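Notes follow the structure.
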Amino acid sequence: MPDVSNSEIASLLERYGQLLEIGGESSFRTRAYTRAADAIRHYPGPVAALARQGTVQTIEGIGVGIAGVIEEFVRTGSVDDLKNLQKRVPISLLDLVEIPGLGAKSVIRLFAELGIVDLAGLESAANSGRIRELAGFSIKTEQKILVGIESVRRRSGRYRLGAVLPLGRRLIEELRAILPPITEMSLAGSVRRMDETVADLDIVIGTADRAVAINALSDLPTVSGMESDEGEHVRFRLHDGLGLDAIIVSPERFGVEMIRATGNAAHLALLGSLPDAPSEEAVYTSLGLPLIPPEIRLGRNEIELARSDRLGSLISASAMRGEFHCHTVWSDGALSVLETVQAAAERGFQFLGISDHTRSLGVANGLDAERLQAQRAEIIKTRTQCGIRVFASAEVEVARNGTLDFDDDVLAELDIVIASTHVGLRQPKEELTTRLFGVLENRHVDIIAHPSGRLIEQREPGDFDWERVFATAARTGTALEINADPARMDLSADHARQAIAAGCLLTINCDAHHPAGWDQLEYGLANARKAGATTDQVLNTWPVERIEAWLHERGRSVRS
DNA sequence: ATCCGCACGGATAAGTAGGACAGCCTACT
């Protein structure tokens, strides 16, 4: 029996912390569990091994109490205190907290006063009008709950790409270490296509020795067991609940099965019948096509692009010269301005925009005008130190009424301005859209960050009138961001495609709070490529002089 | 619950606005 994985321990602690919160524990105590979960999820080695040695407390954020929980979990597979807690606070209540507008306090009251323990119970209580009878709840709340139940149900069973892709890559690495070097293997399916959510993990293995491959898969520490074995298609389940589909084929058919397992269905339909071949290239070649990158296998115009030799015009990582949106210790980032700029220079960035949060985003220690000015002085100083162009920027809050955190004269002092909507995303369509129009028309605003405001599998996008938003952004020349944070991937691929069609300029930014955040660029790039973006349409690929000229045209007094 | 400066006790995660309701809960990175 292999040890539990770090992500299993992390999930356990996270669940524990959430249940404590619903149970009314102090926020400091519950927070400690969440922090411990984060520390373990990011810990480079196997935490279970540390637990067995009794040295798990060496990890920052884990003390006597949580170490005890982890050790018990590793040893016995469960935790007695957590079981007892679950008698008092049913674990299915965690689903209820996911509903927008319901927090721990409301959920525990629904449980205590109406005996509601899960989504089904909540739904029937709302439908029969029992919730409105509780003090502090109303018909309106009831309706909000019913809408919320739907959105929680819609996303159940799917995982964010950002949660699954790193796991999939690690599985492949682990398999490579076990299996003979001649074995071919790769991720396939929606993970390989970089779809924003995935239902399960697909792996294709090309080997003459099926039994060895199956044994290797079964022995992986994250695999809990085999679920079905149907010839070439073997299904496993991981400890954290994710399904793993392995397609095990002879090496001569590895290429064609990769294409089939990668999909998508519409792309396969466009390709028609496929010849057996050991590599994807060979299959595409026999169809008279170059290799089509997985993320654009969408059944749209990718065949056309390939036939007319235009795949190379799609934006790629190598075309990116820098980023406009990142954070430092001045708001909620991890490093100083100088450290951040140095890290950017080391990565080969030719420019970097520093854009910390502003005043009204108190939770992120947003800058007021005075601190902004002080930061600006610090930014200017770094320009001579690191050899890259540093733009003084800010991620300026858009208030519910559409006003920005700074007056025009303060905005005018910045090299480039990003506007960002974090509050009031649930406004009705007309109100929300009109508010954004005001921001787009502001000549001091150059970029709209994560325009829809969605958090994948967690928060619905704002209900904007996108067609009019894109038309307006195209006219004002305001760039729209594809935020590469895997929780956001915002604009979505479809919205980015619409924006391009409307003539909008795009920018791809990682919204990094630490240099490691720049490793997530691929999530933003995927959406840009799915949307068919070329370098000309993405601000980050322009030479610094062209960016400065663009800013100058927009009326900025750009100083180097 | 954990960490840190000090050796046990305090700090840690802000603070405002909005919605629904009459004093409270939730959302925002």
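Letters A, B, ... mirror the listed sequences (proteins, then strands); counts begin at 1. Just so it is clear, the model here is predicted, and its values are computed rather than measured.
- In this structure the side chain of Ile70(A) never reaches within 4.5 angstrom of the side chain of Val79(A), judged on heavy atoms.
- No hydrogens or angles considered: a donor-acceptor pair under 3.5 Å links the side chains of Gln427(A) and Arg435(A).
- dT29(B) makes up no base pair with any nucleotide shown, lacking Watson-Crick or G-U wobble contacts both under 3.5 Å.
- For the side chain to side chain contact (heavy atoms under 4.5 Å, CB included) criterion with Ser355(A), the lone passing option out of Val396(A), Leu414(A), Ile418(A) is Ile418(A).
- Along DNA chain B, the nucleotide nearest Ile139(A) and the nucleotide nearest Val363(A) are compared for position; the residue whose nucleotide lies closer to the 5' end is Val363(A).
- Among the heavy atoms of the strands, none lies under 4.0 Å from Leu425(A).
- Minimum atom distance to the side chain of Ala32(A) is reached by dA1(B), of the listed dA1(B), dA13(B), dT29(B).
- To the nearest whole angstrom, the two P atoms, one in dA17(B) and one in dT12(B), are 23 Å apart.
- Remark: the separation of the P atoms in dA14(B) and dG19(B) is 25 Å, to the nearest Å.
- Nucleic acid contact class of Gly63(A) (heavy atoms, under 4.0 Å, all strands): sugar-phosphate only.
- Comparing dC8(B) with dA22(B), their C1' atoms are spaced 44 Å from each other, to the whole Å.
- In this structure, Ser138(A) reaches the dC21(B) phosphate: one of its side-chain N or O atoms is under 4.0 Å from OP1 or OP2.
- Distance His422(A) NE2 to dA14(B) C1': 15 Å, rounded to the nearest Å.
- Residue Arg488(A) is in sugar-phosphate contact alone, with no base atom involved, counting any heavy-atom pair closer than 4.0 Å across all strands shown.
- Rounded to a whole angstrom, the distance from the C1' atom of dT26(B) to that of dA20(B) is 11 Å.
- Comparing the same atom, P, in dT2(B) and in dC6(B) gives a spacing of 22 Å after rounding to whole Å.
- Among the atoms of the strands shown, only primed sugar atoms or phosphate atoms (P, OP1, OP2) are found under 4.0 Å from some heavy atom of Arg400(A).
- Protein atom CG of Leu455(A) is 10 Å distant from nucleotide atom C1' of dT29(B), rounded to whole Å.
- Taking atom CH2 of Trp330(A) as the reference point, atom P of dA14(B) lies 20 Å away to the nearest angstrom.
- Backbone-only contact: Arg459(A) has heavy atoms under 4.0 Å from sugar-phosphate atoms and none from a base.
- One can place CD1 of Ile131(A) at 15 Å from C1' of dA20(B), the figure rounded to the nearest angstrom.
- Note on His357(A): only backbone sugar-phosphate atoms sit closer than 4.0 angstrom, heavy atoms only; bases stay farther off.
- A glycosidic torsion no more than 90° from 0 defines the syn conformation, and dA13(B) adopts it.
- Of the residues listed (Leu335(A), Asp332(A), Thr340(A)), the one engaging His513(A) in a side chain to side chain contact (heavy atoms under 4.5 Å, CB included) is Asp332(A), and it is the only one.
- Comparing Ser27(A) and Gly65(A), the nucleotide of DNA chain B nearest to each residue sits closer to the 5' end for Gly65(A).
- Among the protein residues, Glu60(A) comes within range of the sugar-phosphate backbone only, with heavy atoms under 4.0 Å from sugar or phosphate atoms but none that close to a base.
- Heavy atoms of Ala36(A) sit nowhere under 4.0 angstrom from any nucleic acid atom.
- Looking at Gln498(A) and Trp466(A), their side chains come closer than 4.5 Å, going by heavy atoms from C-beta outward.
- Of the nucleotides present, none pairs with dA14(B) by Watson-Crick or G-U wobble criteria with both distances under 3.5 Å.
- Going from atom CD1 of Ile59(A) over to atom P of dT2(B) covers 12 Å, rounded to whole Å.
- Straight-line distance from the CG atom of Leu367(A) to the P atom of dT29(B): 17 Å, rounded to whole Å.
- Rounded to whole Å, the separation between the C1' atoms of dC3(B) and dA13(B) comes to 15 Å.
- Under the 3.5 Å distance criterion, with hydrogens and angles disregarded, a donor-acceptor pair is assigned to the side chains of Asp405(A) and Thr358(A).
- In this structure, the CG atom of Leu102(A) is 13 Å from the P atom of dA20(B), given to the nearest Å.
- Here the P atom of nucleotide dG18(B) and the CG atom of Asn401(A) are 8 Å apart, to the nearest Å.
- Aromatic rings from His514(A) and His327(A) are positioned such that their centres are separated by 6.0 Å or more.
- Nucleic acid contact class of Ser106(A) (heavy atoms, under 4.0 Å, all strands): sugar-phosphate only.
- Listed candidates were dC21(B), dT12(B), dT26(B). Nearest to the side chain of Phe28(A) is dT12(B).
- Spacing of C1' atoms, dG15(B) relative to dT29(B), comes out at 13 Å, to the nearest Å.
- Taking atom P in both dA1(B) and dG5(B), the straight-line distance is 22 Å, to the nearest Å.
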